[in-house]
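The next block holds one structure in the form of structure tokens; read it before the comments.
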Amino acid sequence: MALIDDPERLDALPLKRKSLSLHWELMFTRAIFQTTDMIRQHELLERVAALIDEGVLRTTLAEHFGPLDVDNMRRAHALIESGRSRGKIVLEGF
């Protein structure tokens, strides 16, 4: 199981019986710790961007509902509640 969020509490013990591994990913670890290979993060992101531009990778963007407002929030929430949403739903203007 991979996490990119920081849950306030996490009981990992139930994972043990299923022999699951728990991994955190933090994009900014190199920058936070000023590692000698900090430029590698830039190189990785540039490569991913190129692969997306080439059509090799696809983003998980599914819906773009425009600006963050009450109507668009309702639309996004309704889609999620419908059980038919797939991929990322984007609202802009935070």
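Worth knowing before you read on, the calculation uses all heavy atoms, side chains too, and leaves out hydrogens, waters and symmetry mates. Throughout, residue positions are numbered sequentially from 1 according to the sequence presented.
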In residues 41-50, what donor-acceptor pairs under 3.5 Å come from side-chain atoms, sequence neighbours left out?
unit_1	atom_1	unit_2	atom_2	d
E43	OE1	R40	NH1	3.4

Under a 4.5 Å side-chain heavy-atom rule over Ile, Leu, Val, Met, Phe, Trp and Tyr, are [X] and [Y] clustered together?
X: L22; Y: I4; value: no
X: L15; Y: L10; value: yes
X: L3; Y: F28; value: no
X: L26; Y: M38; value: no

- Item | Distance, nearest 0.5 Å, that separates CZ of R86 from CG of L79 |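 Answer rounded to 0.5 Å: 12.5 Å.
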- Query: How long is the span from the OG atom in S85 to the CD1 atom in I80, to the nearest 0.5 Å?
  - Reply: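 Rounded to the nearest 0.5 Å, the OG-CD1 separation comes to 5.5 Å.
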Closest non-hydrogen atom pair, [X] against [Y]:
X: S21; Y: H23; result: CB-NE2, 3.2 Å
X: F65; Y: N72; result: O-ND2, 2.8 Å
X: A76; Y: I89; result: CB-CG2, 3.8 Å

For residues 54-64, dump all side-chain donor-acceptor pairs below 3.5 Å to protein atoms at least two apart in sequence or in another chain.
unit_1	atom_1	unit_2	atom_2	d
T59	OG1	L61	N	3.3
H64	ND1	G66	N	3.4
H64	NE2	E92	OE1	2.9

- Item | Set of side-chain hydrogen bond (donor to acceptor under 3.5 Å, both in side chains) partners for D71, sequence neighbours left out |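 Residues passing side-chain hydrogen bond (donor to acceptor under 3.5 Å, both in side chains) with D71: none at all.
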